[in-house]
Number of protein chains: 2
Amino acid sequence: MSGEKKISIAVIRRLPRYFRYLSDLIKLDIKRISSKELSQRMDITASQIRQDLNCFGGFGQQGYGYNVELLYEEVGKILGTDKGFKCIIVGAGNMGNAIANYENFKNRGFEMIGIFDVDPKKIGTVINNIKVLHLDDLDDFVKNHHVDIAILTVPNKHVVGVANKIKELGIKGIWNFTPTDLKLGDEVVVENVHLSDSLMVLGYKLKEKESE
Amino acid sequence: MSGEKKISIAVIRRLPRYFRYLSDLIKLDIKRISSKELSQRMDITASQIRQDLNCFGGFGQQGYGYNVELLYEEVGKILGTDKGFKCIIVGAGNMGNAIANYENFKNRGFEMIGIFDVDPKKIGTVINNIKVLHLDDLDDFVKNHHVDIAILTVPNKHVVGVANKIKELGIKGIWNFTPTDLKLGDEVVVENVHLSDSLMVLGYKLKEKESE
DNA sequence: TAGATTGTTAATCGATTAACAATC
DNA sequence: TAGATTGTTAATCGATTAACAATC
């Protein structure tokens, strides 16, 4: 079922950015846009925009450009914003809380349906209308609810154990906020956030800037 | 002051990962490592490791490999872990809270010295030993404290205003947690986190996986 | 139709990998 | 010394950019 040419991760990582800019254009009531105009707004080349979009189909029209609304919908579809991915948060600490309360995920196709922790003080509390359950109840929960994605915000020492459990339960996606690189094989797709890494890159850039 | 060849951002983004793995090796009491062994642990090529490290100097020794402790220190120095970057958090919401409470930043060279918000209910409260101040007090604060980095966790509608203020106050680095792409010119270095983008990439991968 | 702009092929650029001489 | 492994150059691969024919 995969006769198509493989699309590079570099292209994929730009899609959410297109999605954002298109959403902004809709808010500005702009109906059509050329790759040239969009390239100026996004500070990338028009050529790259056309190449990127053409990986997925000819969404534009010669002499006209792209219909903003249509392109927005197409990019959304490519990213799966219509899939309604069901997510659970594992680890009800500060980061778990922040994510549970973040309002932007829902309209991008991600729904938070459960939060898990092991701290007795947290079990039973409610975060953004979701009751915190004990991690031991995760097995039962997964039997009764389809779960697409587990969001990992547990302390580092628990990561490997929890990740393996998630895999065993058949959850196929992990959004990993821990510093640990997970090695779970091909069955699970992992997207890492690695906040410290990001901050350290900023530190480097800053150091470079100052030595200019 | 820049006769050296420019080091690509791809290399820089791998450095924190080297730093993490070296830290793990130290914990395991491993004293030396070859690029080959490290490549197996990190799942990248030995060639890439040697190329990356050689951008900054010959830290290894033929026939021996790399001294773990020394390499760890060198990579740390490159990233500026010894700089003690002074950071403020702008936006004391859930994400601001999570970051203020994150314990891993300090030992990577980042110190949180201030938190700012505009919500009267938050002003004066204390988060991880740091008192939340009103954003109007930021000017004064910057006069009295050197600030390297502003961490932006404000609601989206305030981003542009706050970012401009940060720039005017002479802060040179922004760690941007908002979805907005900042356009502040060359004076300020920006590192984006864009959590939604990351989650959407995971959604895409998941969708691809399922259609395999 | 003429002008504009895409879709797509070709050229360029940069990053990764391979190979091996240098050397510990 | 012989074996191991780096540092570094050369080859390959992939991603970005340029160019232009197709076509709206």
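In what follows, chains carry the letters A, B, and so on, assigned in the order in which the sequence lines appear, proteins first and then strands, with residues in each chain numbered from 1. Values in this document were obtained by computation on a predicted structure and should not be read as measured data. Values below: every heavy atom of this structure, side chains too, minus hydrogens, waters and symmetry copies.
A cation-pi arrangement is present between A:R32 and A:Y64 under the rule of less than 6.0 angstrom and at most 45 degrees off the ring axis.
The existence of a salt bridge linking B:D24 and B:R41 is excluded, since no basic side-chain nitrogen approaches an acidic carboxylate oxygen closer than 4.0 Å. Between A:E210 and B:K172, no side-chain nitrogen of the basic residue sits less than 4.0 Å from a carboxylate oxygen of the acidic one, so the salt-bridge criterion is not met.
Residue B:T45 is in sugar-phosphate contact alone, with no base atom involved, counting any heavy-atom pair closer than 4.0 Å across all strands shown. Residue contacts for A:S47: at a heavy-atom cut-off of 4.0 Å it reaches a base atom on one of the strands shown.
Side-chain atoms of A:Q51 stay outside donor-acceptor range of the base of C:dT8, with no qualifying N/O pair under 3.5 Å. Judged by distance alone, with hydrogens and angles left aside, B:S8 brings no side-chain donor or acceptor close enough to the base of C:dA15 to form a pair under 3.5 Å.
Distances shown here put every side-chain N or O of B:Q61 at or beyond 4.0 Å from the OP1 or OP2 atom of C:dC24.
Between the CG atom of B:L53 and the C1' atom of D:dT8 there is a distance of 14 Å, rounded to whole Å. For B:I9 and D:dT16, the CD1 to P distance is 15 Å, given to the nearest whole Å. Atom CD in B:E74 sits about 12 Å away from atom P in D:dG7, given to the nearest Å. Across the protein-nucleic acid pair, A:L71 atom CG and C:dT6 atom P stand 11 Å apart, rounded to whole Å. Distance, A:Y66 OH to C:dT5 P: 12 Å, rounded to whole Å. Protein atom NZ of B:K6 is 19 Å distant from nucleotide atom P of C:dC13, rounded to whole Å. Following rounding to the nearest Å, A:D52 (CG) and D:dG14 (C1') show an atom-to-atom distance of 14 Å. Straight-line distance from the CZ atom of A:R13 to the P atom of D:dT16: 13 Å, rounded to whole Å.
A residue-by-residue look at A:G63 and A:N54 shows that A:G63 has its nearest nucleotide of DNA chain C further toward the 5' end.
In this structure C:dG14 sits in a base pair with D:dC13, meeting the Watson-Crick or G-U test at under 3.5 Å. Base pairing of C:dT23: its partner is D:dA4, meeting the Watson-Crick or G-U wobble criterion (both donor-acceptor distances under 3.5 Å).
Closest of all the heavy-atom pairs between A:F141 and A:I113 is CZ-O, 3.3 Å.
Dense packing is recorded around NZ of A:K183, with more than 12 heavy atoms of other residues, nucleotides or ligands lying under 6.0 Å away. No more than 12 heavy atoms of other residues, nucleotides or ligands lie within 6.0 Å of NZ in B:K83, so this atom counts as exposed by the packing criterion. At most 12 heavy atoms of other shown residues, nucleotides or ligands fall within 6.0 angstrom of atom CG in A:D186.
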Would you tabulate the pairs of protein nitrogen or oxygen atoms and nucleotide nitrogen or oxygen atoms of nucleotides 20-22 of chain C closer than 3.5 angstrom?
none

